[in-house]
**Q** 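First, the structure itself, so that you have it in front of you.
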Amino acid sequence: MREDLTSWMQSTKPEKAKPASREDATTTSRRSLLQTIINGSENEPIRPEWYPRTPRSALPGVLLDVEYDGEKALAKLKLYNPSTMKIHEWLDNTEHHPYCLTDYSPRELYELKDVVEHKGFLKLEETTKFILLHDKEQQLVSVVASDPLAIGGRRDSIREKLGRKHSWEADIRYTKCYTMDRALTPGLYYRVQNGNLTPVLQKYSSKDAAKLQALFKADSEASTLIKEYLPLFLTPAAYLPRLALDIEVESPFADRIPDPATAEYPVIAVALHDDAGAGLVCVLRREIDEKAETPQLPKGVECKFFEEEKQLVETVFKVLWRTPILVTFNGDNFDLRYLVNRAKKLGIPSDNIPIRLRPGIGSNFEARLKHGVHIDLYRFFNNRSIQIYAFRNRYREFRLEDISQALLGEGKRPLPDFISRLPAAVLVDYCWQDANLTMKLTQFDNNLVVGLILLLMRLSHQGMHDLTRTAVSNWIRSLLYYAHRQNNYLIPRKEEIEAMKGEAKTAAVIKGRKYLGAVVVEPQAGVHFDVTVVDFASLYPSIMKAYNISYETVRCSHPECKDNTVPETPHWICTKRKGLTSLIIGVIRDVRVEHFKPRSKDKTLSETQRSWYSVVEQALKVFLNASYGVVGAAHFPLYCAPAAESITALGRYAITQTIKQAEQLGATVLYGDTDSLFLAKPTKEQLRKLIDYSERELRVELDVEKEYRYVALSSRKKNYLGVTKSGYVDIKGLTGKKRNTPLFLQKAFMQMVEILRQVRSPSDFVAAKERILRLAREHLTKLERREYSIEDLAIRMQLTKSPESYVKTTPQHVKAARQLIEAGRDVSAGDIIAFVKTTDGVKPVEQASIQDIDVSKYKDLVQSTFEQVLDALGIEWIETIGIRRLDTFFG
DNA sequence: GCGGACTGCTTACCT
DNA sequence: ACAGGTAAGCAGTCCGCG
């Protein structure tokens, strides 16, 4: 007899009568995915073979993912129809096969028995490609095979038989190859009609389209490109119903997370929560729940007790087989991995498990939903480009707690006890809370995260699974490869670019770096009132665009281009052909700067409109900011050091020329870094002339970025404090703001900042200085009296590698980490170690008491932190100390 | 045997 | 697995010194 989801949902119905216990219950009028899954399963067989089925309907769906079906040896697409809330799978029917290209002629190839008699070999096809590096066409042969492993990935693959020097495009994953050849754009709509896949163009704003096309009407190549990009930028993001999951596992150890590889301990709770506010928490009944209190959950969130763990897991799996988009926080390496391994232990056959695990890089795993798509938010938020450019570094650590606190302004309620000892009522709440926060991270700011993911998928032509798990270099590679294929350009091998273009020719300032970077102007230490900051809008992408920088255009093969030199380098740039990277980055730059960025701030537009412009603008920013970096990254497949150093050389040229011009105009430059200049009380006229000059002579756009009431420049570069005319304080580089500074000192520093924020005129400084000195003395006294808690004194430093691999030196946080290991704690790379300085070396906070503290070390820390600001204000630290000493002397 | 000058390592920041 | 430049603190080494 089969158990039916509906019947057990109904068995918990009475609890629904209870009033909502919490005000943050996110019940909306949106149709619940979870309810649909549960109700829909009524007439469906529970067995997983229910999926996949061929869609007969012509309903359009969002292309979420492109996969490879190993059994059928075909590309498989996952389309999501948001209104039916179902995934439709589609298998390729176009006879597309894996292939690679070679410069051997067909005749030569027939001599190569290893190739033509390879068991995966299918056929040869002659083709012509354009070679950007040589600026000419070339005849090539496409060697077609039955499966991807026949091309590459085995020792006897065709790629190896041809030899690396005679094969091209042989290490592109088949799913990517398929995506490019079919010109698929994940994130856009497709329909299956008569068994065939066709794109479905959605309506988008014709006004936006016209404006964007007008931007490039003078440039035919850019005009062609923008036409192709319009649907990517303008198609509104689909609303994607989704489900969040979190699990809790029993463990006999309070301070050790159960190992998902062995999955030794029972899964005691699983929370599922959808975007419409419906939730279900499955709990295992344990001994401690004898006199069970009923868990208090918000309206729409149900709770079901299970007597058997296996039943619990099977129930969750029933839901997961029908889940189109699953969201977890660290599901790849914990929740889903644990569930799979635990399920095997419980005797659930592999075919009934809706999750497929794949080993990733290092000891990492990737968890795919066999039928839907799984987003692991931990991995997405860990992406440095997302952290820095999309979220402007608002979160600096990667726990669910830190990220929710930073982005939602909401954290978890603290755990009253260790998981295994929690009564069901508390456990259920805790588990649900994590699922709820995970869901909320995809919902805030008008579903910003989902919008970003969809936009990034479209731009990079990658499916949701890979997009959310790979770094920006991978996205850019994918974008550029796609452009090569669309234009019939052969994708060069990395070694070909390096052999033709050579290495970097400039010397970096920092030992171990490859080439010279940006200019940082020596700051004029002191307080300066009425400072205007000007900066170049997207300097490096602008340079790539304006100066035609691309791997094929730098040091091109035409002798007549050699006069078009790059200052301070021996390089020259092509004058005959527009570079591909230059074209693409240029268009993306213009689209962002001229269209999406201004509209994202346009108060005459509705909030919904603005938020969409803002999503696009942020996605474009991510690509732009990394576009120069990848060119200079040795592991990037289109790496080109001469191109990268040409970009920085032209950047230095732009800023130094602008400084010269500013001085000629009679303006004083107080400071500058890479693409910005701090000007002392510039006149409107001076600014206008400077901006005109940059535009005219340097071909880069200079803008007024900020107006400070005053700036306190320390004598150190990359260290300053500025108060804008609107009273907002910018703090850059100062120790007080660093995340490894003890909390007490961060707080003290913020008090100082508050004093400085209120300064409006030079005369206000007299009183401010006095207040700051008093503040500093106050904290020194509190230190002496040991009035801070150990947590407030903790220095929190990241372990960037595993504790054993520090062999050259043993930094303090590593010493503390080793003490933790000694005490049986599990410590690994990426962890943040909290330690205090004691009179006897360092100690982890967990092991230290306030009496151990080395007060003088902390006083030094206070001194250096305050000094960074005080020296800008012209105050000697001795004054501070001196007065304190007099105080104690007389007092 | 010890302190100062120095270099190198590590982390966190800026653009 | 985007780049280079800067600051800070500490670890480790070398040198000089009746």
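First the proteins, then the strands, lettered A, B, ... as listed; each starts at 1. Only a predicted model underlies this, so the values are computations on that prediction, with no experimental measurement involved.
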**Q** Suppose we screen for salt bridge (charged side-chain N to carboxylate O under 4.0 Å, His left out). Which residues come up paired with A:R699, at least two apart in sequence or across chains?
**A** none
**Q** If you measure from OG1 on A:T865 to CG on A:L870, what distance do you get to the nearest 0.5 Å?
**A** 10.5 Å
**Q** Kindly write out the residues that satisfy side-chain contact (heavy atoms from CB on, under 4.5 Å) with A:Q819, not counting sequence neighbours, or none if the list is empty.
**A** A:V842, A:K843, A:P844, A:Q847
**Q** Tell me, please, which residues at least two apart from A:K494 pass salt bridge (charged side-chain N to carboxylate O under 4.0 Å, His left out).
**A** A:E498
**Q** Can you label the angle between the A:F744 ring and the A:Y788 ring as parallel, tilted or perpendicular, going by 30° and 60°?
**A** tilted
**Q** Taking atom C1' of B:dT10 as reference, at what distance in whole Å does atom NZ of A:K815 sit?
**A** 12 Å
**Q** Working to the nearest 0.5 angstrom, can you tell me the gap between A:L583 CG and A:T553 OG1?
**A** 11.0 Å
**Q** For nucleotides 11-13 of chain B, which of its nitrogen or oxygen atoms have a protein nitrogen or oxygen under 3.5 Å away, and what is each distance?
**A**
from: B:dT11; atom 1: OP1; to: A:Q798; atom 2: O; distance (Å): 3.4
from: B:dT11; atom 1: OP1; to: A:T800; atom 2: N; distance (Å): 3.4
from: B:dT11; atom 1: OP1; to: A:T800; atom 2: OG1; distance (Å): 3.1
from: B:dT11; atom 1: OP1; to: A:Y806; atom 2: OH; distance (Å): 2.4
from: B:dT11; atom 1: OP1; to: A:H813; atom 2: NE2; distance (Å): 3.1
from: B:dT11; atom 1: OP2; to: A:T800; atom 2: OG1; distance (Å): 2.5
from: B:dA12; atom 1: OP1; to: A:R739; atom 2: NE; distance (Å): 3.4
from: B:dA12; atom 1: OP1; to: A:R739; atom 2: NH2; distance (Å): 3.1
from: B:dA12; atom 1: OP1; to: A:Q798; atom 2: N; distance (Å): 3.0
from: B:dA12; atom 1: OP2; to: A:R739; atom 2: NH2; distance (Å): 3.1
from: B:dC13; atom 1: OP1; to: A:R396; atom 2: NH1; distance (Å): 2.7
from: B:dC13; atom 1: OP1; to: A:R739; atom 2: N; distance (Å): 2.9

**Q** Would you call A:R399-A:E401 a salt bridge at under 4.0 Å N-O?
**A** no
**Q** For DNA chain C, what residues of residues 626-635 of chain A have any heavy atom nearer than 4.0 Å?
**A** A:A626, A:Y628, A:G629, A:V630, A:G632, A:A633, A:H635
**Q** Return the set of residues passing salt bridge (charged side-chain N to carboxylate O under 4.0 Å, His left out) with A:K815 (not counting sequence neighbours), or none when no residue passes.
**A** none
**Q** Atom CZ of A:F678 to atom P of B:dC14: distance rounded to whole Å?
**A** 12 Å
**Q** Give the residues of residues 645-663 of chain A touching DNA chain C, defined as any heavy atom closer than 4.0 Å, sorted by residue number.
**A** none
**Q** Nucleotide range of DNA chain C contacted by chain A, 5' to 3', under 4.0 Å to a heavy atom?
**A** C:dA1 to C:dG12
**Q** Does the ring of A:Y806 carry A:K801 above it, NZ/CZ under 6.0 angstrom from centre and within 45° of its axis?
**A** yes
**Q** Please write out the pairs of protein N or O atoms and N or O atoms of nucleotides 1-7 of chain B separated by less than 3.5 Å, giving the distance to one decimal.
**A**
none

**Q** Tell me, which pairs form a salt bridge (charged side-chain N to carboxylate O under 4.0 Å, His left out) where one or both residues lie in residues 730-743 of chain A, sequence neighbours left out?
**A** A:K706-A:D730
**Q** With heavy atoms under 4.0 Å as the rule, sort A:Y639 into base, sugar-phosphate or nothing.
**A** nothing
**Q** With a 4.0 Å heavy-atom cut-off, tell me which residues in residues 513-522 of chain A come close to DNA chain C, sorted by residue number.
**A** A:R513, A:K514, A:Y515, A:L516, A:G517, A:A518, A:V520
**Q** Mind checking salt bridge (charged side-chain N to carboxylate O under 4.0 Å, His left out) for A:K621 and listing every partner two or more places apart, or none if nothing turns up?
**A** none
